[in-house]
Amino acid sequence: MYELKIEDFNLDQIMGSGQCFRWKDAGNGRISITAYGKYMEAVQKGDVFVFSCGEDEFKNVWAEYFDMGTDYGRIKETADSSDTYLQEAIRFGSGIRILRQELWEMLVSFIISQNNNIPRIRKNIEAICEKYGEEIIGRGIDGQIRRAYAFPEPKILAAAKTAGLEGLGLGYRDKYIEAVSLWWMEQGFSDSRQAAGWLLEEGYEGAVSKLLQIKGIGRKVADCVCLFGLHCVEAFPMDTHMKKIEREHYRSGFPLEKYNGCAGIMQQYLFYYDLAGESGALESAAARE
DNA sequence: ACCCAGGCCATCT
DNA sequence: AGATGGCCTGGG
């Protein structure tokens, strides 16, 4: 157990922001998180957090994962004060951060996300982990043992091939997952960190063009992989929500030039705000105030 | 029943 | 270059 106060951090908001698909509401205010081959539970009360892991593990694994080295308060201050819609979005999702997740998992996850909805994306990923992931023994906030499944390594999915992925509800995306697994093996990456370094050799745009070579990855998925798997916060994934937001609030396009180097973070606030608007969460949040 | 979801690919003009 | 149709599946 490790307790800590953290600013600009909200578990529910991050879980609902569509950047991670393996966070779960575990009941009684607990959020379970599976990443980097580990399982953890977290509880939030205001800006105070209790984590089920020990201090060492938190500092070695989770602090970086939660992007604790970045001051989101300062980033939020750079938002145009006359942009009322963005200001509302930031206020609504003020605890959103861009997690530093594993590249390999992001690659597969955002391939699955295409032409798909979030509940089904979660279900698909869980099915892959249950079938091919190694079992993880973790500990809950109550100190009890919990079992979970890690996200399977590239070589496992490469060996599984399309045939092994059938029946998991992936639809036509199964062959794209096979393609990206084989691509990864051909590149001979030792791990996600090394692969990320290679992709970023020519910067963000270089990473995009390399990712676009992979079958099943188009511009939108490439930008999501850059933003969430490479932490290129200048990447600005243009999805159906952002197109709608631009139609309704930024008729000449979102002013990317104002956010040189961090437009992707603004995108997350806007995306989450729009998603919440659809689900009716906005009205209930307003009612609480 | 129906529509569509954080698109991509192939196949046209 | 830009526009269209098809695609697996299951939530709402």
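Note on naming: letters A, B, ... go to the chains in the order of the sequence lines (proteins, then strands), and numbering restarts at 1 for each one. A quick note: this is a predicted structure, and the numbers were derived from the prediction, not measured.
For the segment residues 224-233 of chain A, residues with any heavy atom less than 4.0 angstrom from an atom of DNA chain B are, sorted by number, A:C224, A:F228. Of all the residues in residues 115-126 of chain A, A:N115, A:N117, A:R120, A:K123 reach under 4.0 Å from DNA chain C with at least one non-hydrogen atom. For the contact set between residues 238-254 of chain A and DNA chain C, defined by any heavy atom under 4.0 Å, there are no members.
Nucleotides C:dG11 and B:dC8 place their P atoms 23 Å apart, quoted to the nearest Å. With both ends at atom P, the span from C:dC8 to B:dT11 equals 14 Å, rounded to whole Å.
A:S17 comes within contact range of at least one nucleobase, with a heavy-atom separation under 4.0 Å. Contacts of A:R219 with the nucleic acid, taken as non-hydrogen atoms under 4.0 Å apart, involve only primed sugar atoms and P, OP1 or OP2. Nucleic acid contact class of A:F110 (heavy atoms, under 4.0 Å, all strands): base.
Between A:Y72 and A:D67, the side chains place a donor N or O and an acceptor N or O closer than 3.5 Å (distance only, hydrogens not considered). Counted by atom type alone, A:D83 and A:Y250 present one or more donor-acceptor pairs between their side chains at under 3.5 Å.
Taking atom CD on A:E178 and atom C1' on B:dC9, their separation rounds to 17 Å, with Å as the unit. Between the CZ atom of A:R173 and the P atom of C:dC7 there is a distance of 14 Å, given to the nearest Å. Taking atom CD on A:Q114 and atom P on B:dC9, their separation rounds to 7 Å, with Å as the unit. In this entry the distance linking CZ of A:F21 with P of C:dG11 reads 16 Å, nearest Å. Atom-to-atom, NZ of A:K175 to C1' of C:dC8 comes out at 8 Å; the value is rounded to the nearest Å. Distance A:D174 CG to B:dG7 C1': 16 Å, rounded to the nearest Å. Atom-to-atom, CG of A:L170 to P of C:dC7 comes out at 18 Å; the value is rounded to the nearest Å. Distance A:I111 CD1 to C:dT9 P: 18 Å, rounded to the nearest Å.
For A:Y172 and B:dG7, a side-chain-to-base donor-acceptor distance below 3.5 Å is present, hydrogens and geometry of angles not being considered.
A:W23 pairs by the side-chain hydrogen bond (donor to acceptor under 3.5 Å, both in side chains) definition with A:Y65, not counting sequence neighbours.
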Margin query: salt bridge (Lys or Arg N to Asp or Glu O under 4.0 Å), that's the test. Do A:E55 and A:K59 meet it? Break it down for me.
Written below: CA-CA 6 Å; A:E55 180 173 353; A:K59 289 182 172 168; 2.5 Å; yes
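For the strand DNA chain C, secondary-structure stems (runs of at least three Watson-Crick or G-U pairs, all distances below 3.5 Å) span B:2-5 with C:9-12, B:7-13 with C:1-7.
Between the CD atom in A:E234 and the CG atom in A:D223 there is a gap of 9.5 Å [rounded to 0.5 Å]. Separation of atoms CD (A:E246) and OG (A:S252) is listed at 8.5 Å; rounding is to 0.5 Å. Atom CZ of A:F21 and atom OG1 of A:T34 lie 14.5 Å apart (nearest 0.5 Å).
Of the two residues near DNA chain B, A:I214 and A:Q19, the one whose nearest nucleotide lies more 5' is A:Q19.
The aromatic ring centres of A:Y85 and A:Y273 sit less than 6.0 Å apart.
No side-chain heavy atom of A:M68 sits under 4.5 Å from any side-chain heavy atom of A:E64.
Within the 3.5 Å criterion, the main-chain N or O of A:L170 finds a donor-acceptor partner in the side chain of A:R173. Of the possible polar contacts, none joining the A:R139 side chain to the A:R146 backbone as a donor-acceptor pair under 3.5 Å is found. No donor-acceptor distance shorter than 3.5 angstrom exists from the side chain of A:E57 to the backbone of A:C53, with no hydrogens or angles considered.
In this structure, A:Y39 belongs to a hydrophobic cluster whose other members, linked by side-chain heavy atoms under 4.5 Å apart, are A:I136.
Note on A:D239 versus A:K243: no salt bridge recorded, every NZ/NE/NH1/NH2 to OD/OE distance being 4.0 Å or above.
A tilted orientation is assigned to the rings of A:W198 and A:F189, their planes being inclined by 30° to 60°.
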